[in-house]
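Below is one structure; the comments refer to it alone.
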Amino acid sequence: MENGFAYRLPDGKVLTFDHAPTGAEIAAAIGPGLAKAALAIKVEGQIRDLARTMDTREAAIEIVTRKSADALDIIRHDAAHVMAEAVQELFPGTQVTIGPAIENGFYYDFARDTPFTLDDLPKIEAKMHEIVKRNAPLEREVWDRADAIKYFRDKGEKYKAEIIEDLPGTETITVYRQGEWLDLCRGPHAPSTGSVGDAFKLMKVAGAYWRGDSKNQMLTRIYGTAWRDKKELEAHLTMLEEAEKRDHRKLGREMDLFHLQEEAAGSVFWHPNGWTMYRALETYLRKRLETDGYVEVKTPQLFEKSLFEASGHWQMYGHGMFKVEVGHGHDHEHVQTFGIKPMNCPAHVQIYNHGMKSYRDLPLRMAEFGSCHRNEPSGALHGIMRVRQFTQDDGHIFCMPEQVVEESKRFCALLQRVYADFGFSDVKVKLALRPDVRAGTDEIWDRAETELRDAARQAGLEPEDLPGEGAFYGPKLEYHLTDAIGRTWQCGTLQLDFVLPERLDAEFVAADNSRKRPVMLHRAIFGSVERFIGVLIEHYAGRLPLWLSPTQVVVATITQDADGYAEQVAATLAAKGLRVITDTRNEKINYKVREHMVAKRPILLVVGKREAQERAVAMRRLGSESQTVLPLDQAIADLVAEAAPPQ
RNA sequence: GCCGAAAUAGCUCAGCGGUAGAGCAACUGAUUCGUAAUCAGUAGGUCCCCGGUUCAAAUCCGGGUUUCGGCACCA
């Protein structure tokens, strides 16, 4: 096409023009219905405003409508702008900063002396609906850089001016106008504010630092959710309610698993039920580790600070450690400073260093359920997910450099096997690469990063790179699992360390009789046992698999006539190692059924006169509306098999 | 740590200057019942802590603690 313009649609059809058309013109050329429904145009995979004129003669294009996968981002970004306009109309003097689309919605950060409160949201929401109804066109304008800075500065929008100043010189400065209001924005946007529709809701207010830096001023952020239609919005709100029902703090209380209290903020009080679950989990993992060639150790809580100075932790993380000063001598005049361990690695190196190691001893896989304390910032604490005292299912593999890939691969396999036992089949891996401040040469980092990546790949996992996120002592693999409602949690980790063996002088005698440094792999599968239990509670919505359930079986009677038989059934089950309780209270069976189901007890065996006569039980499972009557012997055999931890 | 909100019986919550309340749970009694709440009664409180204002504070004000929602942090 010499002087023509040709654009290819997703179905392969090509549309031609004798001039450079706008996206809107292309949509109109396809059909009037589409022209009306169009929100934006995708040119070679890049989303643009419909009003923009095509700047290439040929391109693969696609019209984005409300139904498109990309529509939500546009709707949400538009909604953020509409919210900003609403806020500035209602609260003059409020400065705007940034307002992107995010997962499930959008937010906008405002600078204002008095932060917004929840009470402001209905007003803002009402104003937003008004602005959407005005349906003002969203018009893109290209501005001169200096003019733009002057404009925003004169208007008192110093944050916007600062954003422009920091944009690279090559960046085109664009502004979007919607009626009387305008905002600096890269776009793209739908043709008018009406496209936002009415399926949005403002959710919460929060503080957020300007540019995400805690040294900067705190802004006031408003979060909203926005969808294609009311039905989608309702579905999202229902999903949030579902997530709330799974909250481990709520279930932890209801199932009497644990509690937290003021005097020990960030430390868990495990109740008998929770501790039973905890021990079941620990026993299970201990078995897995044993099978995989680990030796288990136990190391101290408290260390003289010299050990942490030698390892480098005192200097790097001293601010987050709990420190203890102890006076010795007559008047306690000699003060000795200790630190409660925030991690187990220095202690494990001490065990490694005890006695000369030969290359024949490697790899040495050392595991510990190590209790650690970290003085987490108060705002970081969250139920048992983020605590100040936690137990790492920690492990360190001391190996020769040439064993790193094999050991990493082996660990990936073990981790995947463990996760699969809980139904976590979707595991994502991220590879945290060298940070700016780091130990070791570039050659060492090149090799370490490549080895971790290769090992993950060989284990069937494709890592996503996280540049700059690695620890100062080496790169790390982070394992993110996906729970039953699609949320991801980072639990496992595998970190390569070529600094600590050096600092703590770990060595082995090589085959050629020379002294060499082992490589250290730090690894954890659960991460923090506390947090993993929190994840499990939410993943299973409290309906734990039989082997993890604190109470596995309840034997409940219908009348007192069956009490003797019930005790007999319970005793038989207990003798087989099952955790069983009896409920012979003088209550109706309806009441008992409800109570045990609400308490999330997985198996209810109801016995009355009939069952006692026939040596049978009526089995009802949590989540089931019906029950099965079966012979006692069979029920016992079934339950014993089902209650075994994964093998 | 920062911004905002909250804290009342074991739990969920009402009360918002004038005698501390409800439902569920607990306890006692009656009921002996066939698969998600039987009935009646009894008992239960430093209204988070420390100050202040007031004739009078759960309530208003100040400081603190903890929790919640975010942000920042997460060896």
Side-chain angles (χ1 to χ4, degrees), chain A residues 107 109 112 114-120 203-223 247 249-250 253-254 256 259-266 308 311-321 341-346 372 374-383 385-388 390 392 469-474 476 490 493 495 497 499-500 522 527-528 531 556-563 584-599 604-611 618-620 622-629:
Chain A
Y107 69 77
D109 285 348
R112 186 167 184 254
T114 331
F116 293 108
T117 69
L118 240 34
D119 299 334
D120 297 321
M203 306 296 284
K204 50 195 172 196
V205 291
Y209 296 108
W210 166 235
R211 300 203 150 158
D213 188 333
S214 59
K215 289 195 274 293
N216 289 342
Q217 192 196 327
M218 171 97 15
L219 306 171
T220 171
R221 173 177 296 182
I222 302 178
Y223 281 98
D247 192 312
R249 292 166 298 193
K250 182 174 179 285
R253 190 169 48 239
E254 287 172 3
D256 196 16
H259 86 267
L260 296 146
Q261 70 185 48
E262 276 193 28
E263 294 87 342
F308 295 119
S311 69
H313 289 96
W314 197 266
Q315 300 85 314
M316 277 299 271
Y317 304 108
H319 57 91
M321 283 174 64
K341 70 175 172 187
M343 82 319 290
N344 307 293
C345 25
C372 298
R374 293 178 187 176
N375 191 13
E376 301 288 358
S378 55
L381 301 180
H382 178 88
M385 298 284 201
R386 187 86 182 267
V387 286
R388 292 200 173 118
F390 59 99
Q392 286 182 321
E469 302 269 310
F472 77 94
Y473 51 74
K476 59 183 178 188
Q490 195 217 313
T493 181
Q495 313 186 1
D497 188 346
V499 171
L500 205 58
H522 306 248
S528 139
R531 177 177 148 87
T557 50
I558 289 173
T559 66
Q560 278 171 356
D561 298 339
D563 283 4
T584 54
R585 290 175 304 170
N586 176 13
E587 294 290 350
K588 284 186 162 183
I589 194 63
N590 284 306
Y591 182 88
K592 295 185 183 180
V593 167
R594 180 185 148 79
E595 189 171 277
H596 297 300
M597 296 296 109
V598 166
L604 182 62
L605 299 181
V606 173
V607 294
K609 267 185 226 161
R610 287 207 298 269
E611 286 78 10
M619 189 189 293
R620 178 179 179 126
L622 177 58
S624 163
E625 300 280 305
S626 61
Q627 52 278 334
T628 330
V629 177

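Proteins come first, then strands; the chains are lettered A, B, ... in the order of their sequence lines, and each starts at number 1.
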Does A:Y223 place a side-chain N or O at less than 4.0 Å from the phosphate oxygens OP1/OP2 of B:C3? no
Please state the C1' separation for the pair B:C27 and B:G44 - nearest whole angstrom. 10 Å
Could you grab the distance from atom CZ of A:R594 to atom CE of A:M597, nearest 0.5 Å is fine? 12.0 Å
When all nucleic acid strands are considered with a 4.0 Å heavy-atom cut-off, which category describes A:S214: base, sugar-phosphate, or nothing? sugar-phosphate
Give a yes/no on whether any side-chain N or O of A:R112 is located under 4.0 angstrom from OP1 or OP2 of B:C3. no
Classify A:L604 by what it touches in the nucleic acid, base, sugar-phosphate, or nothing, heavy-atom distance under 4.0 Å. nothing
Among the nucleotides B:U66, B:G34, B:C33, which one has an atom lying closest to any side-chain atom of A:T559? B:C33
Any non-hydrogen side-chain atom of A:V205 less than 4.5 Å from a side-chain atom of A:T117? no
Check the phosphate of B:U35 against A:N590, side-chain N and O only, distance under 4.0 Å to OP1 or OP2. Yes or no? no
Distance, rounded to the nearest Å, where A:E595 contributes CD and B:U38 contributes P: 11 Å
Mind checking who B:U28 pairs with, Watson-Crick or G-U wobble, both distances under 3.5 Å? B:A40
What's the gap between B:G70 and B:G29 when it is taken at their P atoms, as a whole Å value? 48 Å
Please work out if A:R253 contacts a base, only the sugar-phosphate, or nothing of the nucleic acid, heavy-atom cut-off 4.0 Å. sugar-phosphate
Distance between P atoms of B:G10 and B:G64 (Å, rounded): 28 Å
With both distances kept under 3.5 Å, what pairs with B:G69, Watson-Crick or G-U wobble? B:C3
Among B:U35, B:A36, B:U67, which is the nearest nucleotide to the side chain of A:V606? B:U35
In whole angstroms, the gap separating C1' of B:G4 from CG of A:D109 amounts to 14 Å
So what does A:E587 hit on the nucleic acid, given a heavy-atom distance under 4.0 Å: a base, only sugar-phosphate, or nothing? base
Please determine, for the side chain of A:R610, which listed nucleotide (B:C33, B:C11, B:G34) has the closest atom? B:G34
Quick one, A:R388 and A:N375 - any side-chain contact, counting heavy atoms below 4.5 Å? yes
With a non-hydrogen cut-off below 4.0 angstrom, is A:P115 in contact with a base, only sugar-phosphate, or nothing? sugar-phosphate
Using only side-chain N and O atoms of A:K215, determine if any of them is under 4.0 Å from OP1 or OP2 of B:G1. no
Could you work out the separation of B:A30 and B:G21 based on their C1' atoms and round it to a whole Å? 28 Å
Any salt bridge between A:D247 and A:R249, counting N to O under 4.0 Å? yes
So A:K204, base contact, sugar-phosphate only, or nothing? Heavy-atom distance under 4.0 Å. sugar-phosphate
Using a 4.0 Å heavy-atom cut-off across all strands, classify A:Q315 as base, sugar-phosphate, or nothing. nothing
Could you give the CD-to-P distance, from A:Q217 to B:C71, as a whole number of Å? 18 Å
Against the side chain of A:Y591, the closest entry in B:A5, B:A25, B:C73 is B:A25
Please report the distance, rounded to the nearest Å, between CD in A:E262 and C1' in B:G64. 10 Å
Remember a base hit wins even if backbone is also touched, and classify A:Y107 as base, sugar-phosphate or nothing at under 4.0 Å, heavy atoms. nothing
B:G1, OP1 or OP2 - any side-chain N/O from A:S378 closer than 4.0 Å? yes
Pairwise C1' distance for B:U53 and B:U59, with rounding to whole Å: 13 Å
Taking a pair to mean Watson-Crick or G-U wobble geometry with both distances below 3.5 Å, B:G17 pairs with none
Say whether, by atom type as modelled, one donor and one acceptor occur between the side chain of A:R620 and the main chain of A:L604 under 3.5 angstrom. no
Heavy atoms under 4.0 Å, any strand shown: does A:A471 hit a base, just sugar-phosphate, or nothing? nothing
Evaluate the side-chain proximity of A:Y473 to A:M316: yes if any heavy-atom separation is below 4.5 Å, no if none is. no
Please confirm whether the shortest side-chain N or O distance from A:R620 to OP1 or OP2 of B:G34 is below 4.0 Å. no
Is there, by distance only and without an angle test, a donor paired with an acceptor across the side chain of A:R221 and the base of B:C71 below 3.5 Å? no
Mind checking A:K341 for me? I need base, sugar-phosphate or nothing, with any heavy atom below 4.0 Å counting as a touch. nothing
Considering every strand and a 4.0 Å limit on heavy-atom distances, what is the contact class for A:A556: base, sugar-phosphate, or nothing? nothing
Rounded distance in Å between the P positions of B:C68 and B:C13: 14 Å
Identify the nucleotide, in any strand shown, that forms a Watson-Crick or G-U wobble pair with B:C48, with both distances under 3.5 Å; if there is none, say none. B:G64
For A:R374 and A:Y209, find the nucleotide of RNA chain B closest to each by heavy atoms; which residue's nucleotide sits nearer the 5' end? A:Y209
To the nearest 0.5 Å, what is the distance between CD1 (A:I589) and OG1 (A:T557)? 7.0 Å
If you draw a 6.0 Å radius around CD in A:Q261, do more than 12 non-hydrogen atoms from other residues or ligands fall strictly inside? yes
With rounding to the nearest 0.5 angstrom, report the OG1 to NZ distance, A:T584 to A:K592. 6.5 Å
Base paired to B:G23 (Watson-Crick or G-U; both N/O distances under 3.5 angstrom): B:C11
Distance below 4.0 Å between A:R585 side-chain N/O and B:U38 OP1 or OP2: no
Is a donor-acceptor contact shorter than 3.5 angstrom present between the side chain of A:Q627 and the base of B:G34? no
A:M316 near the nucleic acid: base, sugar-phosphate alone, or nothing, with a heavy-atom cut-off under 4.0 Å? nothing
Going by purine N1 to pyrimidine N3 plus the second Watson-Crick contact, or the G-U wobble pair, all under 3.5 Å, which nucleotide sits opposite B:G34? none
Pick the C1' atom in B:C74 and in B:A58, then give their distance to the nearest Å. 39 Å
Any base atoms under 4.0 Å from A:G383, or only sugar-phosphate, or nothing? Heavy atoms, all strands. sugar-phosphate
If we take the P atom in both B:G18 and B:A56, what is their distance in whole Å? 14 Å
Would you mind classifying the nucleic acid contact of A:G212 as base, sugar-phosphate or nothing, using non-hydrogen atoms under 4.0 angstrom? sugar-phosphate
Could you give the CZ-to-C1' distance, from A:R386 to B:C71, as a whole number of Å? 13 Å
Residue whose closest nucleotide on RNA chain B lies nearer the 5' end, A:A208 versus A:H313: A:A208
B:U67, B:C2, B:C73: which one has an atom nearest the side-chain heavy atoms of A:M218? B:C2
Watson-Crick or G-U counterpart of B:U59, or none if no pair lies under 3.5 Å: none
A:H382 side-chain N/O to B:G69 phosphate OP1/OP2 under 4.0 Å: yes
Is there a donor-acceptor pair closer than 3.5 Å between any side-chain N or O of A:K609 and the backbone N or O of A:T559? no
According to the Watson-Crick and G-U wobble definitions, with both distances under 3.5 Å, which nucleotide is paired to B:U53? none
